Amino acid sequence: MSTRARSAERERGQRPGRDSSVRATRSTINGPLVTGDHNKVTVKTVKRRRAALTVAMILAVAGVGTGGWKVYDAAAGSSGYSLVGTWAASDGSGTKAMDANGRCTGFYYANGVPLDIGGPMYCSLSEHGDSYLLTVTQQPNESSYRVEFTSADHAVVSAGGRRLYELDRAS
């Protein structure tokens with residue numbers, strides 16, 4: 001139907017005929033859903049697939065289907081060693097601290113010396129063979145270090161096979 005024919009129908013108070021060349025259905029799983037009412041067009045993004053993926057990721061992190069629930073702790077490994085608390089470093093760089101949510105201070109090193117460019121710093125500790133891997137992020141910087149615990153209150157931190165410092169729990 002031409003634009004002129006639709007305009008004539010509107011003037012007579014009749015509802016104009018619909019163009020049958022474009023149709024949107026609600027069975028669309030991915031992509032935009034377009035609906036129209038004369039001059040008003042609404043575009044809605046269908047997020048069913050994204051929601052399913054989010055649920056799957058939550059279940060994977062929680063460990064469902066692997067013999068029970070395992071809560072991932074960014075600050076401690078499964079052996080129970082943790083960097084949460086305040087630590088004194090052997091290199092004289094001052095105290096280093098980490099909270100249970102992974103916020104930390106003083107752990108980022110560049111070229112063997114501490115570096116703090118301002119802004120939040122985040123740390124996560126994961127098991128890596130017979131030691132732990134400490135990943136420190138202070139955007140845009142990120143670095144990883146090997147941590148070997150000799151006890152719950154003492155750890156040795158190294159990078160690239162070279163010892164950086166030792167940590168003793170202060171609190």
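Not measured: the values here are computed from a predicted model.
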Engineer: Measuring from atom CD of Glu127 to atom CG of Leu133, what distance do you get when rounded to the nearest 0.5 angstrom?
Structural biologist: 11.5 Å
Engineer: In the single-linkage hydrophobic clustering (I, L, V, M, F, W, Y; side-chain heavy atoms under 4.5 Å), do Val157 and Tyr109 co-cluster?
Structural biologist: yes
Engineer: I need the minimum non-hydrogen distance between Val156 and Glu166, along with the two atoms involved.
Structural biologist: CG2-CG, 3.9 Å
Engineer: Measure the spacing between OG of Ser93 and OH of Tyr165 and express it to the nearest 0.5 Å.
Structural biologist: 7.0 Å
Engineer: Which atom pair, heavy atoms only, marks the closest approach of Gly102 to Met98?
Structural biologist: CA-CE, 4.2 Å
Engineer: Is it the case that over 12 heavy atoms from other parts of the model lie below 6.0 angstrom from the NE2 atom of His154?
Structural biologist: yes
Engineer: Looking at CZ of Arg146 and CG of Leu134, how far apart are the two atoms once the value is rounded to the nearest 0.5 Å?
Structural biologist: 13.0 Å
Engineer: Could you grab the distance from atom CG of Asp168 to atom OG1 of Thr95, nearest 0.5 Å is fine?
Structural biologist: 13.0 Å
Engineer: In Å, rounded to the nearest 0.5 Å, how long is the span from CZ of Arg103 to SG of Cys123?
Structural biologist: 10.5 Å
Engineer: Ignoring hydrogens and angles, state whether a donor on the side chain of Glu142 or Thr137 is under 3.5 Å from an acceptor on the partner side chain.
Structural biologist: yes
Engineer: Heavy atoms only: give me the nearest Ser131-Val147 pair and the separation to one decimal.
Structural biologist: CB-O, 3.4 Å
Engineer: Could you walk me through whether Arg163 and Asp91 satisfy the salt bridge (charged side-chain N to carboxylate O under 4.0 Å, His left out) test, starting with their C-alpha distance in whole Å, then the side-chain angles of each, then the deciding distance to 0.1 Å, before giving a yes or no?
Structural biologist: CA-CA 10 Å; Arg163 190 189 87 151; Asp91 65 352; over 6 Å; no
Engineer: Determine whether a donor-acceptor pair (N or O, by modelled atom type, separation under 3.5 Å) exists between the side chain of Arg169 and the backbone of Val84.
Structural biologist: yes
Engineer: When rounded to the nearest 0.5 angstrom, what is the spacing between CG in Asp99 and OG1 in Thr105?
Structural biologist: 9.5 Å
Engineer: How far apart are the closest heavy atoms of Thr135 and Ser144, and which atoms are they?
Structural biologist: OG1-OG, 3.4 Å
Engineer: Any side-chain to backbone donor/acceptor pair from Gln138 onto Gly119? Under 3.5 Å, distance only.
Structural biologist: yes
Engineer: Looking at Tyr81 and Ala152, what are the two nearest heavy atoms and their distance?
Structural biologist: CE2-N, 3.7 Å
Engineer: Ring of Tyr108, cation from Lys96 - is the NZ or CZ under 6.0 Å from the centre and inside 45° of the axis?
Structural biologist: no
Engineer: Taking all non-hydrogen atoms of both residues into account, name the closest pair between Tyr145 and Phe107 and its distance.
Structural biologist: CE1-O, 3.7 Å
